Amino acid sequence: MLNDNQTTADQHDENEVERVRRAKMEQIAALGVSPWGAKFERSHTAKDILELGENRSKEELDELAIHATIAGRIMLLRDQGKAAFAHLQDMTGRIQIYIRQDIIGEDAYKVWKLLEMGDIVGATGTIFKTKTGETTLKVVGLTLLTKALKPLPEKYHGLTDVEVRYRQRYVDLIVNPEVRDTFIKRSKIVQGVRRWLDERGFLEVETPTMHVIPGGAAARPFSTHHNALDMQLYMRIAIELHLKRLIVGGLEKVYEVGRVYRNEGVSTRHNPEFSLLELYWAYTDLRDIMDLTEGLIASVCQEVNGSTKIQYQGTAIDLTPSWRRVSMVEAIREVVRIDFSAQMSDEEARELARQHKVKLENHYTFGHIVNEFFETFVEGTLVQPTFIFGHPIEISPLAKKNPDDPRFTDRFELFIVGREHANAFSELNDPIDQRERFEKQLAEKEAGNDEAQEMDEDFINALMYGMPPTGGLGIGMDRLIMLLTDQPSIRDVLLFPHMRHQ
RNA sequence: GGGCUCGUGGCGCAAUGGCAGCGCAAACGACUCUUAAUCGUAAGGUUGUGGGUUCAAGUCCCACCGAGCCCA
């Protein structure tokens with residue numbers, strides 16, 4: 001029984017519509033019917049019934065008299081006095097039901113009259129076609145499964161307020177079928193990635209998401225605290241360093257699809273927590289990882305879209321392998337006619353940056369400037385899938401040096417529609433070099449780069465046991481899903497995107 | 001962090017600085033093959049919050065809260 005406070009609290013903000021719904025709930029209960037239902041066995045889904053009706057005439061269906069039991073939410077209701085049509089929605093779609101007082105009986109029809117859009121019911125009956133040809137279930141028995149105490153949004157225009165759609169995704173999912181389709185597709189993409197990797201002998205693993213040292217990427221972490229051990233912990237910003245420890249351990253082909261957390265702004269491409277695929281493959285290098293990346297993305301795209309040629313926000317994108325491969329310095333040379341493969345001092349590079357009004361920070365040396373040129377002038381122009389390789393060593397502290405020019409590394413990033421979609425290296429496996437790279441990162445941190453990486457002594461320790469030459473890859477799953485589902489914002493592929501507290 | 005745009009019944013939208021309206025849903029009534037069913041009747045609002053200008057503010061100004069887009 002409700003106490004007085006609870007009653008007050010529950011009804012405090014109720015509007016007229018909600019008061020009426022609550023009154024109907026009470027009337028239903030008074031008729032001896034539970035408004036909250038119980039387990040209900042279905043024989044068919046909405047889609048099953050539509051398929052049974054397809055390619056069958058009205059007469060054939062009547063003769064077959066197929067019996068079916070379904071359940072779903074009432075989405076449309078056309079009451080005609082002693083009969084009614086309604087559309088029930090389940091996870092597979094919508095199916096029309098036809099209810100007549102003379103079939104279900106006066107008592108059952110009295111309950112039906114108290115139902116409205118948004119309520120969830122079970123219905124059993126036979127499949128037939130209306131005179132307009134719509135496959136419909138003629139109901140002989142109706143069961144209320146759940147009474148909805150709030151009304152659905154407008155039945156034709158649905159819910160368009162993006163704030164409400166993100167904050168109350170459950171309502172968005174009820175009334176916007178294309179939203180549901182996007183998230184079903186998201187699940188298929190993630191599943192497709194896993195299957196593709198599993199079929200090739202990769203081992204899926206799970207590593208800690210709370211790190212003592214936040215490493216493996218240039219990003220600010222979220223920090224937290226472990227009370228019992230009284231220690232500072234960070235939510236991981238990458239999976240990299242743990243997976244490479246597993247390569248040292250001999251697991252040779254490993255991957256993890258998991259959530260990482262970066263303490264930065266929110267935009268159409270950034271959410272504080274997002275899903276990352278990382279993969280490491282012993283005895284391979286950058287070239288093998290390029291081949292793998294092409295194969296993986298093209299295959300998953302084919303699987304979910306039926307083609308490797310897709311449209312993204314009105315732009316045709318061709319994901320059919322092989323994709324263009326071009327070095328970062330060459331890509332810059334093509335666009336701004338500067339050749340960074342030439343030897344030059346940090347000061348000469350800084351001068352070029354000033355001339356071209358490229359962002360320049362205090363700690364910047366040659367390689368940072370090359371990267372700024374790339375991000376400023378080239379990145380946005382890479383619409384079709386393009387591997388950019390040969391990143392400066394300063395921004396790649398975990399990648400092997402290029403044997404021909406140690407200012408650059410054996411690293412690539414994949415760009416599609418002007419956005420970074422993947423990041424990969426021939427992994428640095430020299431512990432002495434790795435220690436020096438970490439030390440340079442610490443020096444950058446001193447110089448004011450708060451995204452510089454930290455020294456991870458245990459990771460160095462692991463490398464000292466010997467990590468075989470290894471190719472590694474990271475793919476931002478949310479951006480890949482945006483691309484493959486043609487969604488403009490990362491929030492449209494996250495069920496519950498991060499929102500400011502109301 | 002900066003710029004622009006937005007916030008009006010449960011939902012979708014209107015309203016030259018001058019009586020806050022329409023549609024859907026919901027209420028009451030009619031209707032046993034409807035398709036956003038239809039027809040009739042009646043109801044629902046402190047216009048995000050707080051200040052200001054004005055005879056008069058949903059509308060103009062300021063601040064704050066929230067959202068979207070663009071930029072950093």
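Within every chain, numbering begins at 1; the chains are lettered A, B, ... in the order of the sequence lines, protein sequences first and strands thereafter. The model shown is predicted, which means the values in this text are computed figures rather than measured ones.
Among the nucleotides B/U35, B/A26, B/A37, the one closest to any side-chain atom of A/Thr132 is B/U35. Closest to the A/Glu116 side chain, of the nucleotides B/A26, B/U32, B/G12, is B/A26. Comparing B/A36, B/G66, B/U35 by their closest approach to the side chain of A/Glu163 singles out B/G66. In the set B/U35, B/G66, B/C70, B/G66 carries the atom at the smallest distance from any side-chain atom of A/Arg167. Distances from the side chain of A/Ser489 to the nucleotides B/C11, B/C69, B/A67 place B/C69 closest. Among B/A27, B/A67, B/G12, the nucleotide with an atom closest to any side-chain atom of A/Val20 is B/A27. Checking B/G66, B/A25, B/U32 against every side-chain atom of A/Gln80, the shortest atom distance belongs to B/U32.
Between the side chains of A/Tyr98 and A/Gln96, no donor N or O sits under 3.5 Å from an acceptor N or O.
The list of salt bridge (Lys or Arg N to Asp or Glu O under 4.0 Å) pairs with a residue in residues 371-383 of chain A, not counting sequence neighbours, reads A/Lys359-A/Glu372. Residue pairs that meet the salt bridge (Lys or Arg N to Asp or Glu O under 4.0 Å) test with at least one member in residues 258-271 of chain A, sequence neighbours left out, are A/Arg259-A/Glu273.
For the strand RNA chain B, secondary-structure stems (runs of at least three Watson-Crick or G-U pairs, all distances below 3.5 Å) span B:1-7 with B:65-71, B:10-13 with B:21-24, B:27-30 with B:38-41, B:48-52 with B:60-64.
Atom CG of A/Asp79 is separated from atom P of B/C24 by 16 Å (rounded to the nearest Å).
Classification of the A/Phe377-A/Phe373 ring pair by plane angle, with boundaries at 30° and 60°, yields tilted.
In summary, A/Arg21 and A/Glu18 do not engage in a salt bridge, as defined by a charged side-chain N under 4.0 Å from a carboxylate O. With respect to A/Arg324 and A/Glu334, a salt bridge is recorded, a charged nitrogen being found less than 4.0 Å from a carboxylate O.
In the interface, the side chain of A/Glu134 is not paired with the base of B/U34 through any donor and acceptor atom under 3.5 Å apart. Between the side chain of A/Asp161 and the base of B/C11, no donor-acceptor pair under 3.5 Å is found.
The phosphate of B/A25 (OP1 or OP2) has a side-chain N or O of A/Lys155 nearer than 4.0 angstrom.
Two rings, from A/Phe340 and A/Phe374, have their centers 6.0 Å or more apart.
On the P atoms, B/U49 is 10 Å away from B/G9, given to the nearest whole Å.
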